[in-house]
Protein chains: 2
Amino acid sequence: MRRITDRQKQVLDYICDFIDEHSYAPSIRDIQKHFGLKSTKGVKDHIDRLVEKGYLNRTEGTARALRVVRDGKKAIKKIPLVGTVAAGLPILAEENIEDYLPVSADMARIKGMFFLRVNGDSMINAAIMDGDLVLVRPQPFVEQGEIAVVRIGDEATVKRFFRFKTRVELRSENPNHKPIVYRDEDEDVRIVGKVTAVLRILE
Amino acid sequence: MRRITDRQKQVLDYICDFIDEHSYAPSIRDIQKHFGLKSTKGVKDHIDRLVEKGYLNRTEGTARALRVVRDGKKAIKKIPLVGTVAAGLPILAEENIEDYLPVSADMARIKGMFFLRVNGDSMINAAIMDGDLVLVRPQPFVEQGEIAVVRIGDEATVKRFFRFKTRVELRSENPNHKPIVYRDEDEDVRIVGKVTAVLRILE
DNA sequence: TTCATAAGTAAACATATGTATAGGAGGGAG
DNA sequence: CTCCCTCCTATACATATGTTTACTTATGAA
């Protein structure tokens, strides 16, 4: 892939960030404003060159129809590992970002996704083992019995989530662990998100 | 989430499909043409209602700024399971689609991703077990030692991929299996893609 | 110096696109 | 029946947006 100038890289980065944040591409004037330029021409030139050099796709004459070409290297994106979650007893899930992990940008296009490291073996029968990283998509609900990251007060845990008429159950996948039951709203139980993948960074 | 009419669902589905295909949202007139309507008003009304009912997000006054609100149900997308791949001896990987699997639409926004079911235990130490589904992002290269789906002739396998000066090695993650070595180009060895996730459909 | 390229200003232009106004046909509920 | 909603046609309007032409400034290579 041909080299690009620093300025072109800045523009490209901004386009990427904008798409990540808005889920749609910036207009030329969005970019213009961001860089404080007084003409659209400069932006147009940069985009033309980024397209020529293969860093962008474009549907001409169409609004906000820029697409970033991921080239395998750029497809690697840093996703925050926001802490450790207990798969056994619910222990504290640090809200601080411990680290950033390289992941396919394709998998991380949704803003707000994050990794949690699972401690313990309570989900062993679901093949989530100690040390595994679960990719979490934040959402306030899951289907019955889906594996969810659930927060109880300041603690978090990964469990199968069941909601019944009068109670919520967090079930382990380990015969040695009994379900954790919360009756109605007498506990601050909140679904953080759904576990969408189990990831092992193998190298 | 409030109910929507059949027609509204058709519109919503089209918007989803359009975004999947183009990576940017359709304009009102794109939708109008698709349904053969003779006015933009009907489309506008449908979108207004889909926004009201929480199925769509919109930035008003901005072109192609529709975003689909994934609600857990809609976040499920059908990804083709294109066959079975051996993690032990390389056996035939059927190119036929066996089935479609429900997966987070977020993870499947990139066109061309697919699942392979892994047979055998040669990658057991990488925690890829018999029957696991690996999500593959097609790409013609991987970094040294990454786990890749590799095709040799009409067969496919999941292995750690190493490229050296004079040979290619496919290494198992099982002490009982020896590396498979291909010297230079005397074999049709081609990387199909990188394993980006290990997935277990638990329910 | 001369030439090429990168980067930008200024001013328009053409069209893509969201939005609005006015109204009609049909169906279901009260 | 009347009222309300869905779905649609027809016609504009306002603006968001991509594109173009002409020119300027700075930098570095030949």
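Lettering of chains follows the sequences in order, A, B, ..., and the numbering in each one begins at 1.
The nucleotide whose nearest atom lies closest to any side-chain atom of Ser39(B) is, among dC8(D), dG8(C), dA10(D), dA10(D). Looking at the side chain of Thr40(B), the nearest of the listed nucleotides dT11(D), dT9(D), dT17(C) is dT11(D). Nearest to the side-chain atoms of Lys44(A) among the listed nucleotides dT19(D), dT19(C), dC7(D) stands dT19(D). Side-chain proximity of Leu37(B) to the nucleotides dG18(D), dC7(D), dT9(D) is greatest for dT9(D).
The side chain of His46(B) contributes an N or O atom lying less than 4.0 Å from OP1 or OP2 of dC7(D). Side-chain nitrogen and oxygen atoms of Arg58(A) include at least one within less than 4.0 Å of the OP1 or OP2 phosphate oxygen of dT19(D). Residue Gln8(B) places at least one side-chain N or O under 4.0 Å from the OP1 or OP2 atom of dC7(D). Residue Arg64(B) places at least one side-chain N or O under 4.0 Å from the OP1 or OP2 atom of dT17(C). Contact between the side-chain N/O atoms of Thr5(B) and the OP1/OP2 oxygens of dC7(D) is found at a separation under 4.0 Å.
One atom, NZ of Lys41(A), and another, P of dA6(C), lie 12 Å apart when rounded to the nearest Å. Here dT20(D) presents its P atom at 13 Å from CZ of Arg29(A), a figure rounded to the nearest Å. Per the geometry, CZ belonging to Arg49(B) stands 6 Å off C1' belonging to dT6(D), to the nearest Å. Rounding to whole angstrom units, CG of residue Asp45(A) and P of dT25(D) are separated by 18 Å. Nucleotide dT19(D) holds its C1' atom 14 Å from the CG atom of Leu66(A), rounded to whole Å. Note: CD (Glu60(B)) to P (dT17(C)) measures 18 Å, nearest angstrom. Regarding Gln32(A), its CD atom lies at a distance of 13 Å from the C1' atom of dT19(D), rounded to whole Å. Atom CD1 of Ile28(B) is separated from atom C1' of dT19(C) by 8 Å (rounded to the nearest Å).
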Kindly indicate, with the supporting measurements, whether the criterion side chain to side chain donor-acceptor pair (under 3.5 Å) is fulfilled by Tyr24(B) and Thr62(A). CA-CA 10 Å; Tyr24(B) 53 81; Thr62(A) 305; 4.9 Å; no
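Looking only at side-chain heavy atoms (C-beta outward), Val168(B) and Phe162(B) stay at 4.5 Å or farther from each other.
Counting any heavy atom pair closer than 4.0 Å across all strands shown, Ser27(B) reaches sugar-phosphate atoms only and no base atom. As judged by a 4.0 angstrom heavy-atom cut-off over every strand, Gly61(B) is placed among residues touching the sugar-phosphate backbone only.
Only one option out of Thr40(B), Asp45(B), Ile47(B) pairs with Val43(B) in a side-chain contact (heavy atoms from CB on, under 4.5 Å); it is Ile47(B).
A salt bridge does not link Arg171(A) with Glu173(A): none of the charged nitrogens is closer than 4.0 Å to a carboxylate oxygen.
Where Ala63(B) and Lys38(B) each meet DNA chain D at their nearest nucleotide, the meeting point lying more 5' is that of Lys38(B).
Although no hydrogens or angles enter the test, the distance criterion places no donor-acceptor pair under 3.5 Å between the side chain of Arg167(B) and the main chain of Val181(B).
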